[in-house]
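Scroll down for the structure; my scribbles are underneath it.
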Amino acid sequence: MKTKGFVLTLLTACFFGLGAVLGKMVTGVLNPLLVTFLDFSIGGLLLGLFLAWRRISLFAKFTRHDWLDLLLLSIFGTALPACSVIFGLGLTSAIKAGFLLQIQSIAAVLFVVIFLHEKLTLKQLGGMLLLILGSVFVVMKSLQARPWEAFNLGDILIILGALGFGYAYLPGKKLSSKIDSLPLNIWKLLIGSIMIFPVLLLQKGTFNGHFVPMLLWAMPLYIITNFCIGYVTLQAGIRYLQAWESATIMQTTPIFSTIFAILMLGDTLSPLQIIGGAIVLLGGFIVVIGGARKVIAANNDLLVEQDAKANVARRQHM
C-alpha cells in the first residue's frame, strides 16, 4: 500500500512540475488571467463530474465561520496566488518558478507560528534558511550577478503566489475536518473562477490573443493534469501515506519542472543553479521532516497519556 501511495504522489509531483512548463507556454500566447479562469472553471467542472461518478457529495454542513474560511481559502489562498504565479510564469523561466514555489513551505510554517502559535523547531528554521539561500542561487544563475539585480518582476510574482499558497494551509486546516479534500478543491476552483470572471470581462485586450496550434494540446493538458487528475492522484496517494510523507515526496516537484523545461523549452541550468536547486530541495525536506517529527512526538505523547488514563480506569474497576 505504501508503494501505491508513493507512486501516486510522485505522479502528482510530476504533473505539477509539468504544469510549470505548460503554464509558461500558454501564457506566452493567451492572457494569463484568461488562462487562470479556464484552468479553474474547466478543472472544477471536470472534478465535479468525477465526484458525481463516484457519488461523493459536494456539500457539507458548514457554519457561517466555515463559509468564511472557504472564501478566504478560495480567494487569498487559491485564486490570487494562482493569478500571481501564472502571470509570473510569462515573465520568468519555468526552472526558476519551480524552485521559487517551494517558498510556500516557509510561508506555511510562518503562518502557523504566527496565527496558530505553534513552535518553530531549530531544524525547520535551518531548512527555511537553506530554502532562501538556494532560491537566491537559482535566481542569480551566476556569481557575477548581484542578488537584488537578478530578481525580475516574474520572480517576485512567483514568490507572492507561493506566500499565498502557504497561507492556504490555515483555512484549509480548519476545513479539513468538515469536508473531504476533493469537494473542497472543487469549491476552491469554482469560487476562484467566479471571482476572476468579472475582472476578466473588465480587462481590455483579454480575448485578443492569437491562436497557435500548440494551444490545442498544451491548454487541455495543463487543465487536466494540474487542475483535475493532479488533485485526484494527490488525494488517492494520501490514503496510503501519512501527510508528512506525502509532503516530502511533493518536494520533488522542482526536479520534474526542471526536466520538462530542459526537454520542452530548451532551458539550461548553470552550475550555480544546480547547487542552488540542490540546496532548495534539501531545505524543503528538512522543513517538512522537522515538522513531521514534532507531530509524531505529539501523537506519541497523546498515546502515552491515553494509555495512562486507560490503566487508571482499569485499576478503578478492579
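Computed from a predicted model, the values in this text were never measured in an experiment.
Linking ILVMFWY side-chain heavy atoms closer than 4.5 Å, directly or via other members, places Leu200 and Leu202 in two distinct hydrophobic clusters. Hydrophobic clustering places Leu72 together with Ile75 (ILVMFWY residues linked when any side-chain heavy atoms are closer than 4.5 Å, directly or through intermediates). Follow the hydrophobic side-chain contacts under 4.5 Å out from Leu130 and you reach Ile275 in the same cluster. Cluster annotation: Phe59 and Leu45 are assigned to distinct hydrophobic clusters (Ile/Leu/Val/Met/Phe/Trp/Tyr, side-chain heavy-atom contacts under 4.5 Å, transitive). If you chain together hydrophobic residues whose side chains sit under 4.5 Å apart, Leu282 and Met140 fall into the same group.
Here the OG1 atom belonging to Thr252 is positioned 5.0 Å from the CG atom belonging to Leu10, to the nearest 0.5 angstrom. Of the inter-residue distances, the one linking Ile286 atom CD1 with Leu131 atom CG reads 9.0 Å to the nearest 0.5 angstrom. Annotation: the span from Phe285 atom CZ to Gln251 atom CD amounts to 6.5 Å, rounded to 0.5 Å. Annotation: the span from Met250 atom CE to Gln102 atom CD amounts to 8.5 Å, rounded to 0.5 Å. Note that the CZ atom of Phe87 and the CG atom of Leu91 stand 9.0 Å from one another [nearest 0.5 Å]. Here the NZ-CG distance, from Lys141 to Leu272, works out to 11.0 Å after rounding to the nearest 0.5 Å.
Within the structure, no pair that satisfies the salt bridge (charged side-chain N to carboxylate O under 4.0 Å, His left out) test touches residues 25-40, not counting sequence neighbours. Listed by first and then second residue, the side chain to side chain donor-acceptor pair (under 3.5 Å) pairs that reach into residues 6-22 are Thr12-Thr233, sequence neighbours excluded. Pairs passing the side chain to side chain donor-acceptor pair (under 3.5 Å) check and including a residue from residues 167-178, sequence neighbours excluded, read Asp66-Lys178, Glu118-Lys173. Note on residues 257-267: no pairs pass side chain to side chain donor-acceptor pair (under 3.5 Å), not counting sequence neighbours.
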Between Leu71 and Trp67, is a side chain to side chain contact (heavy atoms under 4.5 Å, CB included) present by the stated rule, with each step listed? CA-CA 6 Å; Leu71 286 175; Trp67 284 110; 5.7 Å; no
Tell me, with the steps shown, if Thr121 and Gln124 meet side-chain hydrogen bond (donor to acceptor under 3.5 Å, both in side chains). CA-CA 5 Å; Thr121 66; Gln124 286 178 311; 3.3 Å; yes
Evaluate Ile223 against Cys228 for side chain to side chain contact (heavy atoms under 4.5 Å, CB included), listing each step before the verdict. CA-CA 7 Å; Ile223 294 172; Cys228 188; 5.7 Å; no
With side chain to side chain contact (heavy atoms under 4.5 Å, CB included) as the test, would you mind laying out the steps for Tyr222 and Leu18 before giving the verdict? CA-CA 8 Å; Tyr222 186 33; Leu18 174 62; over 6 Å; no
Let me see the working for Leu241 and Ile249 under side chain to side chain contact (heavy atoms under 4.5 Å, CB included), right down to the final yes or no. CA-CA 10 Å; Leu241 300 172; Ile249 297 170; 3.7 Å; yes
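Between Leu133 and Leu129 there is no side-chain heavy-atom pair separated by less than 4.5 Å. Put simply, the side chain of Leu215 reaches to within 4.5 Å of the side chain of Val29, judged on heavy atoms. Leu110 is listed as a side-chain neighbour of Met128, based on a closest heavy-atom distance under 4.5 Å. Leu70 has its side chain out of reach of Pro171: every pair of non-hydrogen atoms, C-beta onward, lies at least 4.5 Å apart. Here the side chains of Phe50 and Leu46 are not in contact, with every heavy-atom distance at 4.5 Å or above. Using a 4.5 Å heavy-atom cutoff, the side chains of Ile255 and Leu281 are in contact.
Atom CG of Leu122 sits in a sparse spot, with 12 or fewer heavy atoms from other residues, nucleotides or ligands closer than 6.0 Å.
In this structure, Phe76 has no ring-ring contact (aromatic ring centres under 6.0 Å, His included) partners at least two apart in sequence or on a different chain. The side chain to side chain donor-acceptor pair (under 3.5 Å) search around Gln273 returns none, not counting sequence neighbours. Under the rule for a side chain to side chain donor-acceptor pair (under 3.5 Å), the partners of Thr92 that lie at least two apart in sequence or sit in another chain are Asp155. Partners of Phe37 according to the ring-ring contact (aromatic ring centres under 6.0 Å, His included) rule, which considers only residues two or more places apart in sequence or in another chain, are Phe197. Taking the side-chain contact (heavy atoms from CB on, under 4.5 Å) definition, one finds that Trp217 meets it with Leu22, Met25, Met214, Leu221, Met264, sequence neighbours left out. Scored by the ring-ring contact (aromatic ring centres under 6.0 Å, His included) test, Phe137 finds no partners at all (sequence neighbours excluded). With sequence neighbours excluded, the residues satisfying side-chain contact (heavy atoms from CB on, under 4.5 Å) with Leu125 are Leu120.
Checked by atom type and distance alone, the side chain of Thr78 pairs as donor or acceptor with a backbone atom of Leu73 at under 3.5 Å. For Ser84 (side chain) and Leu157 (main-chain N/O), a donor-acceptor pair under 3.5 Å exists by modelled atom type.
Closest of all the heavy-atom pairs between Phe16 and Gly230 is CE2-CA, 4.2 Å. Contact detail for Gly98 and Pro254: the closest heavy-atom pair is O-CG, 3.5 Å. Heavy-atom minimum distance, Leu163 versus Phe111: O-CE1, 3.5 Å. Here the shortest heavy-atom pairing between Val21 and Ala261 reads CG2-N, 3.4 Å. When all heavy atoms are compared, the tightest approach of Phe165 to Pro81 is CE2-CB, 3.6 Å. Considering all non-hydrogen atoms of both residues, Ala107 and Gly166 come closest at CB-CA, 3.9 Å.
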Atom pairs and distances, side-chain donor-acceptor, residues 182-193, under 3.5 Å, sequence neighbours left out:
| from | atom 1 | to | atom 2 | distance (Å) |
| --- | --- | --- | --- | --- |
| Asn185 | OD1 | Lys188 | NZ | 3.1 |
| Asn185 | ND2 | Ser181 | O | 3.0 |
| Trp187 | NE1 | Leu58 | O | 2.8 |
| Ser193 | OG | Leu189 | O | 3.4 |
| Ser193 | OG | Leu190 | O | 2.7 |

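Ring planes of Tyr231 and Phe227: perpendicular class, angle over 60° (limits at 30 and 60°).
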